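First comes the structure, then the notes that go with it.
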Amino acid sequence: MKLLILLFLSIFTFSCSTHKQSSNQTNSFIEIKYGSSGGYTGMTNEYLLLQNGKIYKVSNEKLNFINQIEDKEIKNIEKQIVELNFKDIKLYENGNMTYFIEIQTSTYKNRITWTDQTQNDSIKQFYKSLVKLLK
């Protein structure tokens, strides 16, 4: 009988205690736009990567599906965005060939542009990793 009362009190105590809620704030992006413009033809090539892993080519404001990437690739991209501290990058170079990345999250939106002559190798590498996702 004592064991039953002890068990009941234990269950009652645990059920009444407040649960610690953790805020799992992620550094998720909503969308990433990236591409290039300029060159001999002056054309713009723009791609859109959504949080769900779908990649589209943007043509005349229409979306053409290109690829679906896996969750592990999305996590890798999110990690790179944090490591680059992308939200605080101020890079606005323009030239014959101009490349761009625009990232939108729930807390910020930042667009950067650069040329082949930029000294920011980490941005170039990040861009190359995004372009590889198109295949």
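This chain uses plain numbering: 1 for the first residue, then up along the sequence. Computed from a predicted structure; not experimentally measured. FYI, side chains are in, hydrogens and waters are out, and symmetry mates aren't considered; it's all heavy atoms of this structure.
From L84, atom CG reaches atom CD1 of I103 across 8.0 Å, with rounding to the nearest 0.5 Å. Taking OH from Y99 and OG1 from T113, the interatomic distance works out to 12.5 Å, rounded to the nearest 0.5 Å. Rounding to the nearest 0.5 Å gives a distance of 10.0 Å between CG of N76 and CD1 of I81. Remark: L49 CG to E73 CD distance equals 9.5 Å, nearest 0.5 Å. Interatomic distance, N96 CG to T98 OG1, rounded to the nearest 0.5 Å: 8.0 Å. Interatomic distance, Q80 CD to L130 CG, rounded to the nearest 0.5 Å: 7.0 Å.
Remark: N120 pairs with S122 by the side chain to side chain donor-acceptor pair (under 3.5 Å) rule, at least two apart or across chains. Residues satisfying the side chain to side chain donor-acceptor pair (under 3.5 Å) criterion with E70, sequence neighbours excluded, are absent altogether. With sequence neighbours excluded, the residues forming a salt bridge (charged side-chain N to carboxylate O under 4.0 Å, His left out) with K33 are E31, listed by chain and number. With sequence neighbours excluded, the residues satisfying side chain to side chain contact (heavy atoms under 4.5 Å, CB included) with N110 are F86, I89, Y92, Y108, I112. Applying the side chain to side chain donor-acceptor pair (under 3.5 Å) criterion to N67, with sequence neighbours excluded, gives no partner residue.
Residue pairs meeting the ring pair (Phe, Tyr, Trp, His ring centres under 6.0 Å) criterion with at least one member in residues 38-65, sequence neighbours excluded: Y34-Y47, Y56-F65. For residues 57-67, the set of pairs meeting the salt bridge (charged side-chain N to carboxylate O under 4.0 Å, His left out) definition, not counting sequence neighbours, is empty. Identified under the salt bridge (charged side-chain N to carboxylate O under 4.0 Å, His left out) test for residues 85-101, with sequence neighbours left out: none. Counting only residues at least two apart or on different chains, the salt bridge (charged side-chain N to carboxylate O under 4.0 Å, His left out) pairs with a member in residues 101-128 are E102-K109, E102-R111.
Closest of all the heavy-atom pairs between N64 and S59 is ND2-OG, 3.7 Å. For the residue pair T44 and S37, the shortest heavy atom distance occurs at OG1-CB, 3.3 Å.
More than 12 non-hydrogen atoms from other residues, nucleotides or ligands lie less than 6.0 angstrom from CD of E83.
Annotation for M43: hydrophobic cluster partners, listed by chain and number, are none (ILVMFWY side-chain heavy atoms under 4.5 Å, direct or chained).
In terms of hydrophobic clustering, with Ile, Leu, Val, Met, Phe, Trp and Tyr side chains grouped at heavy-atom distances under 4.5 Å, F126 and L91 are assigned to a common cluster. Transitive grouping of hydrophobic side chains (ILVMFWY, heavy atoms separated by less than 4.5 Å) brings L134 and M97 into a common cluster. Under the 4.5 Å side-chain heavy-atom criterion for Ile, Leu, Val, Met, Phe, Trp and Tyr, W114 and I32 are members of the same hydrophobic cluster. Transitive grouping of hydrophobic side chains (ILVMFWY, heavy atoms separated by less than 4.5 Å) brings I123 and F29 into a common cluster. Linking ILVMFWY side-chain heavy atoms closer than 4.5 Å, directly or via other members, places I101 and V131 in a single hydrophobic cluster.
For the pair L48/I55, no side-chain contact is recorded, criterion being any heavy-atom separation below 4.5 Å from C-beta on.
At least one donor-acceptor pair closer than 3.5 Å links the side chain of Q68 to the backbone N or O of N52.
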